[in-house]
Amino acid sequence: MKQKLAVFDMDGTLLDSLPDLAECGRELLASYALPPVSDAEVRRMIGNGVPMLVERLLQAGAEKGAGAQVADIDHAQACRRFMEFYTPRATRLSRLFPGTEDTLHTLQAQGWLLAVCTNKPEVAALAILERFGLSSLFACVGGGDSFAVRKPDPGHLLGTIAKAGAQPGSSVMIGDMSPDLLAAQGAGCPALFAAWGYGDGNLAELAQAEAASMVDVPEKAEWLLHNACGAL
């Protein structure tokens with residue numbers, strides 16, 4: 001029997017991080033004298049890592065600022081500035097989604113290894129897991145800067161699976177956004193759409209199954225391994 005591995009996305013799957021990300025996004029825009037964005041707007045920007053989030057924030061600020069010019073803003077510097085705002089406060093308002101801790105313990109009791117595959121920088125992801133007392137539950141974390149590529153590139157997920165000591169065929173990717181589900185497609189492992197997260201419901205079409213809440217994950221993940229990839 002191959003080792004079962006449950007790979008979780010972080011933002012919008014394990015963690016409701018929108019409040020802190022939105023606050024830091026507004027701080028970033030204010031630092032460039034750009035208008036603020038709402039939580040709802042930032043929600044649609046999450047999922048592709050810090051560089052893309054910063055790019056979307058600046059673009060939104062420019063549009064709200066009646067065409068304010070952002071072309072002269074150094075993007076790398078803006079990313080560093082965002083992380084300076086975010087790192088010390090990453091868990092100030094963020095919370096685990098309901099049932100997360102119980103679900104992780106249930107999966108472990110059922111023989112699953114656990115991993116995180118997130119486009120968030122690895123150091124930030126590790127610090128968040130530590131803050132919530134979850135570090136010891138995970139075999140590894142594959143951050144957005146852990147490998148040469150990041151989701152939706154399947155190399156990010158494959159690297160995380162290998163780091164955990166498992167195989168794609170006995171792994172399940174659980175995530176709420178298209179980068180998670182597309183990475184799973186490319187990696188050749190089944191995907192479970194986290195319907196409680198930030199992604200639009202039609203993204204479920206990219207997955208082999210969906211879970212309405214975190215507590216549904218153990219049953220759905222087990223079903224996926226036996227029905228999407230054959231019996232172990």
Side-chain angles (χ1 to χ4, degrees), residues 6-31 36-57 60 78-108 113-147 150-151 156-157 160 163-164 173-177 179-180 194-199 211 213-215 217:
V7 185
F8 288 88
D9 170 51
M10 181 166 275
D11 297 320
T13 302
L14 290 174
L15 187 72
D16 183 7
S17 55
L18 175 60
D20 285 310
L21 290 170
E23 281 294 300
C24 294
R26 286 187 281 270
E27 284 190 58
L28 178 70
L29 292 174
S31 74
V37 289
S38 68
D39 283 21
E41 289 171 304
V42 176
R43 181 187 178 107
R44 297 191 293 270
M45 301 177 187
I46 298 172
N48 292 89
V50 171
M52 184 60 73
L53 173 59
V54 167
E55 181 178 324
R56 290 167 175 167
L57 285 166
C79 289
R80 290 192 297 270
R81 186 176 296 186
F82 178 85
M83 289 306 297
E84 287 171 1
F85 294 141
Y86 182 67
T87 300
R89 62 153 301 152
T91 57
R92 187 179 301 173
L93 301 174
S94 299
R95 296 291 181 267
L96 297 175
F97 281 102
T100 293
E101 192 165 0
D102 287 344
T103 292
L104 297 176
H105 284 292
T106 296
L107 287 167
Q108 276 200 328
L113 280 180
L114 306 176
V116 169
C117 183
T118 174
N119 281 337
K120 188 185 294 294
E122 182 176 339
V123 170
L126 288 168
I128 288 169
L129 293 177
E130 180 68 25
R131 164 64 180 79
F132 286 106
L134 301 179
S135 297
S136 63
L137 299 179
F138 289 93
C140 74
V141 171
D145 53 359
S146 299
F147 308 101
R150 63 166 64 96
K151 298 178 297 183
H156 186 183
L157 178 55
T160 303
K163 189 176 178 181
M173 177 71 215
I174 302 108
D176 67 310
M177 299 291 280
D180 311 313
W196 64 87
Y198 301 150
S213 68
M214 186 58 91
V215 297
V217 169

| message | Distance check, rounded to the nearest 0.5 Å: Thr118 atom OG1 versus Asp145 atom CG? | response | 10.0 Å
| said: Main chain of Leu18, side chain of Tyr198: is a donor-acceptor contact present, judged purely on distance under 3.5 Å? | reply: yes
| field | Between CG on residue Leu21 and OG on residue Ser94, distance to nearest 0.5 Å | value | 6.5 Å
| query | Taking all non-hydrogen atoms of both residues, which atom of Asn119 and which atom of Gly47 are closest, and how far apart? | reply | ND2-O, 3.0 Å
| said: Just verifying a value: how many Å separate Leu114 CG and Gln108 CD, rounded to the nearest 0.5 Å? | reply: 5.0 Å
| For Cys117, does its backbone N or O pair with a side-chain atom of Thr160 as donor and acceptor, under 3.5 Å? | no
| Do Arg89 and Glu27 come within less than 4.5 Å of each other through their side chains, counting heavy atoms only? | yes
| remark: Between the CD1 atom in Ile128 and the OG1 atom in Thr91, the distance rounded to the nearest 0.5 Å is 7.0 Å
| remark: In short, Ala60 meets Val37 closest at the heavy-atom pair CB-CG1, 3.8 Å
| said: Less than 4.5 Å apart, side chain to side chain, heavy atoms only: is that true for Val141 and Ser146? | reply: no
| task | Identify, with sequence neighbours excluded, every residue that meets salt bridge (Lys or Arg N to Asp or Glu O under 4.0 Å) alongside Arg92. | result | none
| task | Measure across Ala139 and Ala164 and return the closest heavy-atom pair with its distance rounded to 0.1 Å. | result | CB-CB, 4.3 Å
| task | Heavy atoms only: give me the nearest Gly12-Trp196 pair and the separation to one decimal. | result | O-NE1, 3.9 Å
| message | I need the minimum non-hydrogen distance between Pro98 and Met214, along with the two atoms involved. | response | O-CB, 3.5 Å
| said: Do Val217 and Phe8 have side chains that approach each other closer than 4.5 Å (heavy atoms only, starting at C-beta)? | reply: yes
| How far apart are the closest heavy atoms of Ser31 and Arg81, and which atoms are they? | OG-NH1, 3.0 Å
| said: Donor-acceptor pair, distance only, cut-off 3.5 Å: does the side chain of His156 make one with the backbone of Phe147? | reply: no
| query | Quick one: are Phe138 and Leu14 in side-chain contact, heavy atoms under 4.5 Å? | reply | yes
| Less than 4.5 Å apart, any side-chain heavy atom of Pro179 and any of Met52? | no
| task | Determine yes or no for a side-chain-to-main-chain donor-acceptor pair under 3.5 angstrom, with Asp20 supplying the side chain and Tyr86 the backbone. | result | no
| message | So, taking the atom named CE in Met10 and the one named CG in Leu96, what distance separates them when rounded to the nearest 0.5 Å? | response | 9.0 Å
| Side chain proximity check, Ile174 to Val7, heavy atoms < 4.5 angstrom | no
| Taking only residues at least two apart or on different chains, which pairs with a member in residues 7-17 satisfy salt bridge (charged side-chain N to carboxylate O under 4.0 Å, His left out)? | Asp9-Lys151, Asp11-Lys120
| Do the non-hydrogen side-chain atoms of Leu29 and Pro36 ever get within less than 4.5 Å of each other? | no
| request: I would like to know whether Asp102 and Val215 meet side chain to side chain contact (heavy atoms under 4.5 Å, CB included); could you show each step before the answer? | output: CA-CA 8 Å; Asp102 287 344; Val215 297; over 6 Å; no
| Taking atom CD of Glu101 and atom OG1 of Thr106, what is their separation to the nearest 0.5 Å? | 11.0 Å
| Do side-chain atoms of Asp180 reach the backbone of Met177 as a donor and acceptor pair under 3.5 angstrom? | yes
| task | Can you tell me which residue pairs pass the side-chain hydrogen bond (donor to acceptor under 3.5 Å, both in side chains) test with a partner in residues 36-49, sequence neighbours excluded? | result | Arg26-Asp39, Ser38-Glu41, Glu41-Lys64, Asn48-Arg56
| For Thr100, does its backbone N or O pair with a side-chain atom of His105 as donor and acceptor, under 3.5 Å? | no
